[in-house]
Each structure stands twice: as structure tokens, then as C-alpha cells.
Amino acid sequence: MTLTPAEADGLLAAHFAPWVQALGLSTVETGEHHAVLRLPWSDQLAREGGALSGQALMAAADTASVIAVSAARGGFGPMTTVQQSTNFQRAVTDRDVLVHARVTKLGRRIAFLDITLTPEGTDDPAAHATAVYALGG
């Protein structure tokens, strides 16, 4: 059983630090091995020059990964980011970003993910990330 988007939004509210919640992420879609979150455009997340900051994109990728793993496991459980690598491909200005996190392998103690961050209304990714999570209990 996977999580619904509403249940995933509940996880965002219950299990993430206030600064992560301040990103304004919301769940667009969940599935058996994936989650799609929306990172809304905000001038507060932009760096000098007006582009969305890499730190905001990386935090969104990390957060979407936790939701995707929770969806794949049927609920939230303890997990820790072991590795995340992000490649930035182009700047994002004045657009929300859709963060697609897909679990590529789910074991009992480890999960691997592929994350694509795409400005809404385009098919051209702004960033791509991979992540590895250690899973508890």
C-alpha cells in the first residue's frame, strides 16, 4: 500500500525541520516507487541574479526522496541520507519546480533513488540527482 498525496503532505508537516517546511513543498503525486513534489517559486529562495538557489533544489530533492521511500515502504520510518549527488543543468527563474523522485532499488536496509528537478511547464530538467538512504527498523 502506497501513501496518498495527502498522507505524504502530513509526513512533510510531522517529520521535517521548520526550515524544510519553509520551502513550501507540497505533494503532487505518489506511487508505488515514486513521489512528485512541487517546490514553489519564491524570491526568498533565489540567489543573487534571480535564479533559484542550488541549496533549495538539493533540499527539495532530499525531501522528495524521503517521501518516495516512504511511499515504497507503505509509510514513514527512520532513514538517513548516506549520499546525494546533484548536477545542475540550467537556472530556474520565476517558475515552480516539479521534483520527481523514483526509487530504483529498495532493500531491507538501503534504498537508491533517481531524482529529476524540472521547471513546471517544461520537459527540460534544471537538475538531476541521485541519492542513497540507510533504512532503519
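Because only heavy atoms are used, hydrogens play no part in the values below, and waters and symmetry mates are left out as well, while side chains stay in.
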What do the steps show when you test R38 against E120 for side-chain contact (heavy atoms from CB on, under 4.5 Å), and what is the final call? CA-CA 9 Å; R38 175 185 307 278; E120 189 170 37; 2.7 Å; yes
Test S70 against E7 for side-chain contact (heavy atoms from CB on, under 4.5 Å), laying out the working first. CA-CA 10 Å; S70 296; E7 290 168 330; over 6 Å; no
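Not one N or O on the side chain of R73 forms a donor-acceptor pair closer than 3.5 Å with the backbone of L135. Remark: side-chain polar atoms of T93 are not paired, donor with acceptor, to backbone N or O of G50 under 3.5 angstrom. Judged purely by atom type and a 3.5 angstrom limit, S53 uses its side chain to pair as donor or acceptor with the backbone of L45. Proximity of a side-chain donor or acceptor of D114 to a complementary backbone N or O of T130 within less than 3.5 Å is not detected.
When all heavy atoms of A8 and T30 are compared, the pair lying nearest together is CB-CG2, 4.1 Å. Nearest approach of A91 to A51, heavy atoms of both residues: CB-CB, 3.9 Å. Listed here is the closest heavy atom pair of V92 and A126: CG2-CB, 3.3 Å. Looking at every heavy atom in both residues, R90 comes nearest to P119 through NH2-CG, 3.3 Å. Residues H33 and A72 share a closest heavy-atom pair of CD2-CB, 4.0 Å.
Rounding to the nearest 0.5 angstrom, the gap separating the CG atom in D43 from the CG atom in L52 is 10.5 Å. Taking CE of M58 as the reference point, atom OG of S85 lies at 8.0 Å (rounded to 0.5 Å).
Among L11, V36, V99, the one residue that satisfies the side chain to side chain contact (heavy atoms under 4.5 Å, CB included) test with I67 is L11.
Tracing side-chain contacts under 4.5 Å through hydrophobic residues (I, L, V, M, F, W, Y), one never reaches L57 starting from L98; they form parts of separate clusters. Taken together through direct or relayed side-chain contacts under 4.5 Å among Ile, Leu, Val, Met, Phe, Trp and Tyr, F112 and Y133 form parts of separate hydrophobic clusters. Residues I115 and L106 are members of one and the same hydrophobic cluster, defined by side-chain heavy-atom contacts under 4.5 angstrom among Ile, Leu, Val, Met, Phe, Trp and Tyr.
Counting heavy-atom neighbours within 6.0 Å of Q44 CD, excluding the residue itself, gives a total of 12 or less. Within a 6.0 Å sphere centred on CD of E32, heavy atoms belonging to other residues, nucleotides or ligands number 12 at most.
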For residues 19-28, please give each side-chain donor-acceptor pair under 3.5 Å, one per line with the distance, not counting sequence neighbours.
residue, atom, partner, partner atom, Å
Q21, NE2, L12, O, 3.4
Q21, NE2, A13, O, 3.0
Q21, NE2, F16, O, 2.7
T27, OG1, D9, OD1, 2.8

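Taking T86 as the reference, Q84 meet the side chain to side chain donor-acceptor pair (under 3.5 Å) condition, with sequence neighbours excluded.
The ring-ring contact (aromatic ring centres under 6.0 Å, His included) pairs that include a residue from residues 68-100 are H15-F76, where partners are two or more places apart or lie in different chains.
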